[in-house]
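Report on the structure given below.
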Amino acid sequence: MPMIREAVVTTIDGNGAVHIAPFGLIESGSEWIIAPFRPSTTLNNLLAVPKAIVSYTDDMRVFAGCLTGRKQWPTVPVADFPVPRLAAALSHAELAVDRVEDHAERPRFVCRVERIVQHAPFLGLNRAKAAVLELCILVSRLDFLPREKIEREIDYLKIAIDKTAGPDEQEAWGWLMQKVTDFYAAKNATATAGAQSPAL
Ligand SMILES: Cc1cc2nc3c(=O)[nH]c(=O)nc-3n(C[C@H](O)[C@H](O)[C@H](O)COP(=O)(O)O)c2cc1C
């Protein structure tokens, strides 16, 4: 299996409108692959403007926020590059699309790294940040993972939150847990409504 780095990708459309989305970038030798599932604004943008910024950030609120409708994260311009970076980036990489491997469900944009720039120091690993990332992945799979598995994994991840989270990680965790709660409440409501509807 290739190495995958979880980061935040910014792209622009033909009018310069900025789009932010978390992606798992797939390592392929010296290149990095962005693989968006269709439909995707990132995909459309990369076809229009084949450049992307990958922001490496440890602010887990950006990942959790993008999954919970909070997409307005500040960006700043990058010198000599058309796409801005995340203001919260510890470092960023400037990517140019070399080629597109087309696919009905998940095309792959194979990108070369033109430049990497550092903005702030990396201050070490933190279990709560990793736990928030794992909860992001679970939340993105609520539709098809069994509820028991989701709840079991949340119980385990919460140990790291309780022991090691700062205020930002607690906030990110709270947004994601609200989404889990809302998802199962809506599912129960649908099941109850179905059970109560008169048989035809
Ligand atoms: C850590 C993380 C990694 C993700 N990796 C991918 C990915 O590789 N491909 C993808 O299509 N979506 C991925 N997603 C989900 C996208 O961020 C989300 O679906 C996003 O809205 C992409 O669609 P968009 O380009 O229309 O914004 C990931 C989400 C998270 C939190």
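Bear in mind the structure is a predicted one, so any value in this text is a computation, not a measurement. Starting from 1, each residue takes its place in the sequence as its number. Both ligands and their constituent atoms are indexed starting at 1 by order of listing.
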Which residue owns the protein heavy atom closest to [atom], what's the atom, and how far is it?
atom                    : answer
atom 22 (C) of ligand 1 : F23 CZ, 4.0 Å
atom 9 (N) of ligand 1  : A35 O, 2.9 Å
atom 26 (O) of ligand 1 : T41 N, 2.8 Å
atom 8 (O) of ligand 1  : R106 NH2, 2.9 Å
atom 29 (C) of ligand 1 : P22 O, 3.7 Å
atom 5 (N) of ligand 1  : G24 N, 3.0 Å
atom 11 (O) of ligand 1 : F37 N, 2.8 Å
atom 20 (C) of ligand 1 : A21 CB, 4.0 Å

For residues W32 and M3, report the shortest heavy-atom separation together with the two atoms involved.
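Taking every non-hydrogen atom into account, CZ3-O, 4.5 Å.
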Hey, looking at atom 2 (C) of ligand 1, which of R5, E6, M60 has the closest heavy atom?
E6
Salt bridge flag under 4.0 Å for residues K51 and E114:
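Result for this pair is yes, salt bridge flagged.
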With the threshold set at 4.0 Å, does a side-chain nitrogen-carboxylate oxygen contact exist between R108 and E31?
no
Any heavy atom of [X] closer to ligand 1 than 4.0 angstrom?
X    : result
S140 : no
P36  : yes
K71  : yes

Should you measure from each heavy atom of H19, which atoms of ligand 1 turn up under 4.0 Å away?
24 (P), 25 (O), 27 (O)
For ligand 1, which atoms sit closer than 4.0 Å to a heavy atom of L133?
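Matching atoms, with element in brackets: 1 (C).
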Contacts under 3.5 angstrom, residues 152-159 side chains, donor-acceptor by atom type, not counting sequence neighbours:
unit_1, atom_1, unit_2, atom_2, d
E153, OE2, K149, NZ, 2.7
K158, NZ, D162, OD1, 2.9
K158, NZ, D162, OD2, 3.0

Quick check: does any side chain N or O of S91 sit under 3.5 Å from a backbone N or O of Y56, one acting as donor and the other as acceptor?
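The answer is no, because no donor-acceptor pair under 3.5 Å joins these two groups.
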Please list, one pair per line, the donor and acceptor atoms closer than 3.5 Å that link side chains of residues 115-126 to other protein atoms, with sequence neighbours excluded.
unit_1, atom_1, unit_2, atom_2, d
R115, NE, E94, OE1, 3.1
R115, NE, E94, OE2, 3.2
R115, NH2, A79, O, 3.4
R115, NH2, E94, OE2, 3.0
Q118, NE2, A120, O, 3.3
H119, ND1, R85, NH2, 3.4
H119, NE2, R85, NE, 3.2
H119, NE2, H92, ND1, 2.8
N126, OD1, A128, N, 3.2
N126, OD1, K129, N, 2.9
N126, ND2, T164, O, 3.1

Could you go step by step and tell me if D102 and R38 meet the salt bridge (charged side-chain N to carboxylate O under 4.0 Å, His left out) rule?
CA-CA 11 Å; D102 204 9; R38 294 180 191 273; 2.8 Å; yes
Would you say N188 has more than 12 foreign heavy atoms packed within less than 6.0 Å of its CG?
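Yes - once you tally the heavy atoms of other residues, nucleotides and ligands closer than 6.0 Å, there are more than 12.
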Check for me, please, whether M60 and F23 land in the same ILVMFWY cluster - side-chain distances under 4.5 Å, paths through other members count.
no
